[in-house]
Amino acid sequence: MASDRSKLAFWLLMAPLLIWLVTLIILPHIGMFLVSLREKVGVREYETSFANYAVFFNEPLYWNTFARTAYMSIAATALTLLIGFPIAYYIAKLTRGRAKTTLFLMCLIPFWVSELVRTFGWMILLRETGVFSNLLQYLGLVDGPVEMLYNDAAIMTGLVYTSMLFMVVPLVTTLDSLDDSLIEAGYDLGASGFAILREIVIPHAMPGIVSGCIVVFMLSLGNYLTPILLGGKDSLWFTGLIYSQFITRFNWELGSAFGFLLLGLSSLIVFVGLKLSRQSLGKTMART
Amino acid sequence: MSETPDLECRAISKNFDDFKAVKDVSFSVPQGTFFSILGPSGCGKTTLLRMIAGFQKPSGGDLLIKGKSMLDVPPNKRPVSMVFQHLALFPMMNIGANVGFGLRQRGVNKTDVKQQVERVLERVGLGGVAERPVSSLSGGQKQRVAIARCMVLEPDVLLLDEPLGALDLKLREHMKIELKQLQSEFNTTFVYITHDQSEALVMSDQIAVMNHGVFEQLGTAKELYYEPATSFVAGFVGEANRFAATVESADSGAVQMVTAEGKALRGVEAGRGLSHGDKVDVFVRPEAIRLSRSAADLAQLGNTSEGKVENILFNGANSQLILRDLTTGAEMSMALPQTGEFRDLAQGDVIAFGWEPQQTRVYRAGGAHGL
């Protein structure tokens with residue numbers, strides 16, 4: 001009896017997670033995969049084939065967009081790490097009590113408004129008639145209005161800004177758990193600041209670095225709003241291609257194939273990243 | 001000695017805002033000494049040690065190592081090494097990498113590092129463990145690795161910040177002896193801080209008792225135990241029975257006193273200058289008190305009394321007897337000799353006890369109180 005009860009409790013507690021996983025993740029993916037394997041041969045006539053995947057490999061535009069999305073996302077991840085690490089180190093190690101909470105909260109505050117509004121904020125700053133352009137003109141540094149939107153730098157700025165929190169939080173958590181006396185012991189044994197960073201701080205923070213990088217990379221790769229709004233028509237972001245296949249062209253078959261290729265790409269890059277940093281996914285997620 | 005001491009502090013002090021953690025402390029430690037700083041928590045001993053290591057900058061005074069001022073030398077350039085309270089071994093490296101860390105920072109080449117690491121590990125009795133992870137060691141072995149990690153750099157002074165605090169009692173007793181042996185083997189100056197008086201007494205050549213940011217007394221273990229200079233030292237080092245009394249007369253060190261309950265006591269003055277009417281604190285060591293079944297046996301002792309047995313704390317050779325003095329009502333703790341004579345002593349028995357005036361140390365009341 002008692003074991004029946006606890007079993008029931010177990011399934012009831014698991015139910016929300018299972019329903020979420022099955023109905024929102026697994027079923028749509030199976031459906032999408034089946035759709036991606038259909039080749040349209042006539043009106044309402046379909047055959048099972050890999051033709052949609054073949055389209056991707058035969059069209060250089062798709063290829064290039066795919067590769068560009070990948071390396072831009074990797075660059076955004078690296079940049080976020082470079083900017084986020086000192087911030088996280090400062091919050092975790094150099095501040096105490098109230099100041100720490102306040103700084104942490106300040107990283108969080110931008111996320112209280114929607115991504116759309118934040119991206120519009122960047123547009124107001126960067127556009128031709130925007131704040132920066134006017135300021136430069138007012139200071140006499142440029143003669144006419146400057147367009148700072150619709151280029152790769154704008155996309156990169158937007159991506160780094162959007163994902164900063166997801167890098168800072170795991171880094172602060174792991175750096176917080178680094179005992180200060182380890183750093184002091186390093187100094188005491190004659191190490192320079194750089195040697196301590198390389199031999200003690202970074203190895204300790206590795207799980208946080210890896211999990212932050214995975215999250216930021218996934219977010220960047222799958223981001224739609226930021227590249228489209230800040231990069232404009234030339235943004236060439238792979239999610240943009242998927243969107244146009246589904247919504248503009250009504251070509252769900254090709255769109256689904258693209259979706260699966262993106263999934264494969266992100267999984268592959270995360271796998272390679274984990275292998276290179278000699279971390280395992282389970283360990284990384286458990287430590288942060 | 002004309003030799004320059006390994007470590008010398010001249011009127012060193014440290015203020016945190018309004019709080020004076022260390023107040024004008026001066027001392028010097030000759031080469032090869034095991035020097036302990038003993039004090040309760042919050043007495044400033046950790047601050048003092050961190051100033052020597054270079055993690056904190058003194059507010060005043062000077063700090064010299066082998067005759068050279070260290071004030072402007074950062075911690076990674078000082079010829080001192082520190083064993084941290086929780087050892088601070090690097091968990092991301094194996095034992096060999098931990099011990100070789102300092103050598104690698106100095107740019108010693110790989111094969112030399114390997115040789116020296118192996119040699120120092122053998123000296124601490126841990127040969128052949130260099131490839132193993134730190135987590136595979138027991139508490140005492142970690143301790144030795146932490147010491148080896150410092151000693152491989154051949155520092156002028158080794159600082160130890162209560163490294164035995166985290167160990168269990170049995171291992172702590174064992175490590176006390178081992179630390180002392182390691183110190184004499186390496187013949188390096190050790191500066192050891194602790195709040196545990198038995199650690200300090202067992203291991204040290206010289207002990208400084210610290211309280212409220214100043215050294216109350218500096219001396220050998222025996223001096224501190226038999227001739228405590230202040231009432232704080234008398235209370236902190238070793239066990240002691242303590243009474244409050246008023247001076248009746250003081251004559252060249254010998255003091256006659258009377259307690260609030262009217263009991264007369266005789267003792268010796270720790271300093272000079274007590275006179276009639278002064279309030280004093282009186283300290284008597286538990287092992288200075290003699291017990292007897294008949295009061296007549298103890299008549300030749302200067303201080304005698306009778307008490308009722310309240311409790312017997314049996315602990316083999318270290319057994320203790322708690323009495324309630326029949327005249328003053330004060331609780332007295334004394335060593336219970338395990339010679340068999342008092343084996344049948346039971347709770348509620350009345351027994352005579354007494355002690356020599358020489359064993360009774362008298363201090364002016366209102367001095368430093370740490371207990």
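So you know, we letter chains A, B, ... as the sequences are listed, proteins then strands, and number each from 1.
- Interface with chain A: from residues 95-104 of chain B, residues B:Phe101, B:Gly102, B:Arg104 qualify, criterion being any non-hydrogen pair under 4.5 Å.
- Residue B:Gln105 comes nearest to A:Ala195 through the heavy atom pair OE1-CB, 3.2 Å, listed as atom of the first residue, atom of the second, then distance.
- Within residues 74-89 of chain B, the residues having any heavy atom closer than 4.5 Å to a heavy atom of chain A are B:Pro75, B:Asn76, B:Val80, B:Ser81, B:Met82, B:Phe84, B:Ala88, B:Leu89, listed by residue number.
- Of all residues spanning residues 106-124 of chain B, none has a heavy atom less than 4.5 Å away from chain A's heavy atoms.
- Remark: B:Lys176 NZ is packed, more than 12 non-hydrogen atoms of other residues, nucleotides or ligands lying under 6.0 Å away.
- Within residues 139-148 of chain B, no residue has any heavy atom under 4.5 Å from a heavy atom of chain A.
- Contact of B:Pro91 with chain A is made through the side chain alone, with heavy-atom distances under 4.5 Å.
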side-chain contact (heavy atoms from CB on, under 4.5 Å) between B:Met92 and A:Ile200, worked out
CA-CA 7 Å; B:Met92 58 289 277; A:Ile200 299 166; 4.0 Å; yes

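- Around the CZ atom of A:Phe111, the shell of radius 6.0 Å holds more than 12 heavy atoms that belong to other residues, nucleotides or ligands.
- Atom CZ of B:Phe90 and atom CD of A:Glu199 lie 8.5 Å apart (nearest 0.5 Å).
- In the displayed structure, B:Phe16 atom CZ is contacted under 6.0 Å by more than 12 heavy atoms of other residues, nucleotides or ligands.
- If you take CD1 on A:Ile183 and CZ on B:Phe55, they are separated by 10.5 Å, rounding to the nearest 0.5 Å.
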